[in-house]
Amino acid sequence: MNLEKLPLPIQKLLIPEYSGDVVYECIACSAPYALDQFLYTCPQCKSLLRLKDQRFHELKKIDGTVWREIFDYRHMLREEALQGIFLFKELLFPSIPLQDVIYLGEGHTPLVRSNPELSSIVAMEFFVKNDGLNPSASFKDRGMASAISFINYSIRTRGLTEVLGICASTGDTSAAAALYLSYLDKKIVRSVVLLPKGRVTPQQLSQPLGSGATVIEIPGVFDDCMKIVEQLAERYQVCLLNSKNPIRIMGQKSYAYEIAQQLEYNTRELVVVVPVGNAGNVTAIMEGFIDLYSLDIIPALPLILAVQSVHANPVATWRSTGTYTPVSVKPSVAQAAMIGDPVSFPKVKKLVEDYYAEAFLTVDLQEQDIIEGMLEANRHGHVVCTQGGESIAGLKKALSQGIVKKNQTVVVDSTAHQLKFSNFQEMYFQKNFPGGYNICPQDTFINKPVQLEASSAAVAQYLHLKEK
Ligand code: F0G
């Protein structure tokens, strides 16, 4: 819709003019650093950085109700750069001019209500927010849209002639990074991903290969790859595209903004269930809700339920024991979240201390519950990944423990598409999980193709069809 067709008072607010004053800020010593560089840790104290809009308080001059109207009307506007996560530009990354925004179709994923059967299995009705419906089929596209828009902006404004984007990945970050980087000028931009050999699914591996990235496989697990890219980012001129880069977190905050918008900004009694690996996503979601709350766009912060497998549960263990210790991971069907020492843990800790306190809950789950959470959901109209299954199983467990109540509104995060993780479904159906997963497939869930001869009679007989 054209701007002129929308109500006059709101028209002048729909194309964002506010550019804020965004800087990197150290989460420990609060030192600010200009955005004219790629930076991931504080040069002084080595702590993690976040992005801070130093003029954020000015946004409070606009009433929460008006912000809601701005975001809702923007949905109707035909303005390419505002179609995706940048719909929330003033909150999300105001300093990026619209001309530099790269939009590949990310964001605005649906909330899908559980049907009566699934609701009764889980013991309450809930919504799945399916981030598998992003362009590279995971939530990582949100953060990558902001990171690659920033690279695009940096190339134009700083006259960069060489940029090497690099990330370590359990599969999805690399797919998203390679996709978004492939949109930029190949004469300037190179794309490299580091993967733990044999620890990403074939579909995930095919994605960066298809996007033309240099794919480096190394022995070990994600944490080993992460250490290497961290060292590279320390010593060499590369642009790190893991969520250690706070610009990734910036884009991923859109998940929280969208939930609020989809629920008509009613966040009272809201619970958001998030699978946690490197802890970037849960950080972004918590930060996103804080933005909305501090501008009176929502009336309350939600409860955050962080879920992990018992095979990779440093955050859940920290919450239950009060002590944080990195863990050695064991094989997990929630393989994308199979991380023993999450890079963003210090951010989670700080957000919990400063804002979420009792509103940050955790559960850890057996592998059997995670895979069956996925299978059960997908038998009832969903297309969730193993991490989505983990969220649903996490909700079920939290309900049984009484830490989530049936009168609450629950949104579970399915972070990627079912098809990326179909090998785990296959292992379940074929009963051939390698040792270490501790999964014992149950016949009730198993489904296999039936081999019949090529005749309608054979099919009719097999299906016990009644003649007309
Ligand atoms: N779900 C999926 C599908 C993921 O790919 C990841 C992380 C997570 C959940 C956990 O999110 O790390 O922000 O806590 N994948 C990363 C990757 C590590 O490399 O693709 P997190």
Side-chain angles (χ1 to χ4, degrees), residues 109-114 118-119 121-132 138-139 142 252-260 262-263 267-289 300-310 312-313 315-316 319-320 332-334 336-337 342 348 351-352 356 358-366 369-378 380 382-416 418:
T109 53
L111 280 187
V112 182
R113 193 185 292 271
S114 57
L118 184 60
S119 306
I121 292 163
V122 174
M124 75 177 286
E125 191 183 82
F126 59 95
F127 294 98
V128 174
K129 185 161 168 68
N130 185 358
D131 253 17
S138 91
F139 73 98
R142 299 177 177 278
Q252 286 177 206
K253 292 195 298 183
S254 60
Y255 191 79
Y257 304 155
E258 287 175 22
I259 291 178
Q262 286 168 309
L263 296 176
T267 55
R268 286 194 202 285
E269 299 297 335
L270 174 64
V271 182
V272 181
V273 188
V274 189
V276 174
N278 218 11
N281 200 29
V282 74
T283 297
I285 293 171
M286 288 198 280
E287 285 187 358
F289 282 113
L301 290 178
L303 211 137
I304 303 291
L305 175 64
V307 292
Q308 296 198 299
S309 162
V310 291
N313 59 355
V315 177
R319 200 59 178 152
S320 59
S332 174
V333 293
V348 172
L351 285 165
V352 172
Y356 282 83
E358 301 308 307
F360 183 81
L361 308 171
T362 56
V363 288
D364 52 9
L365 298 158
Q366 299 298 328
D369 296 328
I370 297 173
I371 187 91
E372 289 175 1
M374 176 189 85
L375 295 172
E376 201 74 88
N378 294 346
H380 294 96
H382 296 272
V383 282
V384 306
C385 62
T386 43
Q387 294 66 221
E390 185 175 29
S391 298
I392 293 167
L395 168 60
K396 199 170 166 183
K397 182 162 179 185
L399 273 167
S400 73
Q401 293 180 341
I403 55 177
V404 170
K405 309 264 174 352
K406 286 188 188 185
N407 64 347
Q408 291 175 308
T409 303
V410 176
V411 174
V412 307
D413 188 351
S414 178
T415 42
Q418 171 191 26

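Note that the structure is predicted; figures quoted are calculated from it, not measured.
- With Ser114 contributing its side chain and Phe126 its backbone, the two residues share a donor-acceptor pair below 3.5 Å.
- Distance alone, capped at 3.5 Å, is enough to place a donor-acceptor pair between the Ser391 side chain and the Asp413 backbone.
- A distance-only check finds a donor-acceptor pair linking the side chain of Gln387 to the backbone of Ala336 [under 3.5 Å].
- Atom CD1 of Ile370 sits about 9.5 Å away from atom CD of Gln308, to the nearest 0.5 Å.
- Closest approach of Glu390 to Ala334, counting heavy atoms only: OE1-CB, 3.5 Å.
- Applying the salt bridge (Lys or Arg N to Asp or Glu O under 4.0 Å) rule to pairs touching residues 121-132 yields Arg113-Glu125, Lys129-Glu258, Asp131-Arg142, sequence neighbours excluded.
- Of all heavy-atom pairs spanning Ala359 and Pro302, the tightest one is CB-O, 4.0 Å.
- Ala377 approaches Val384 most closely through the heavy-atom pair CB-CG2, 3.9 Å.
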* Mind running side chain to side chain contact (heavy atoms under 4.5 Å, CB included) on Met124 and Leu399 for me, showing each step along the way? => CA-CA 9 Å; Met124 75 177 286; Leu399 273 167; 3.6 Å; yes
* side chain to side chain contact (heavy atoms under 4.5 Å, CB included) assessment of Arg319 paired with Val352 -> CA-CA 10 Å; Arg319 200 59 178 152; Val352 172; 3.5 Å; yes
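- Between atom CZ of residue Phe289 and atom OG1 of residue Thr267 there is a gap of 7.0 Å, rounded to the nearest 0.5 Å.
- The side-chain heavy atoms of Leu361 and Val271, taken from C-beta on, include no pair separated by under 4.5 Å.
- Residue Asn130 holds its CG atom at 9.0 Å from NE2 of His382, rounded to the nearest 0.5 Å.
- A 4.5 Å side-chain heavy-atom check between Thr415 and Ser138 finds every atom pair outside the cut-off.
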* To do: Give the C-alpha distance, both sets of side-chain angles, the deciding distance and a yes or no for side chain to side chain contact (heavy atoms under 4.5 Å, CB included) between Phe360 and Val315.
  => CA-CA 11 Å; Phe360 183 81; Val315 177; 4.2 Å; yes
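- Within 6.0 Å of atom CD in Gln401, more than 12 heavy atoms from other residues, nucleotides or ligands are found, so the atom counts as buried in its surroundings.
- Applying the side-chain contact (heavy atoms from CB on, under 4.5 Å) test to Ala279 and every residue at least two apart in sequence or in another chain returns Val276, Val282, Pro342, Ser344, Val348.
- Across all their heavy atoms, Val333 and Thr386 have their closest contact at O-OG1, 2.8 Å.
- If you take CE on Met286 and CD1 on Ile304, they are separated by 6.5 Å, rounding to the nearest 0.5 Å.
- Contact record, Leu305 with Gly394: CD2-O, 3.8 Å, taken as the closest heavy-atom pair.
- Residues Lys397 and Asp364 have side chains in contact (heavy-atom distance under 4.5 Å, counting atoms from C-beta outward).
- Across all non-hydrogen atoms, the minimal contact from Lys396 to Val122 is CG-O, 4.0 Å.
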* side chain to side chain contact (heavy atoms under 4.5 Å, CB included) between Gln252 and Ile285: does it pass, once the steps are laid out? -> CA-CA 7 Å; Gln252 286 177 206; Ile285 293 171; over 6 Å; no
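- In this structure, Leu303 CG and Thr409 OG1 are separated by 12.0 Å, a value rounded to the nearest 0.5 Å.
- Around the CD atom of Gln262, the shell of radius 6.0 Å holds more than 12 heavy atoms that belong to other residues, nucleotides or ligands.
- Atoms CE and CD, on Met374 and Glu376 in that order, are 11.5 Å from each other to the nearest 0.5 Å.
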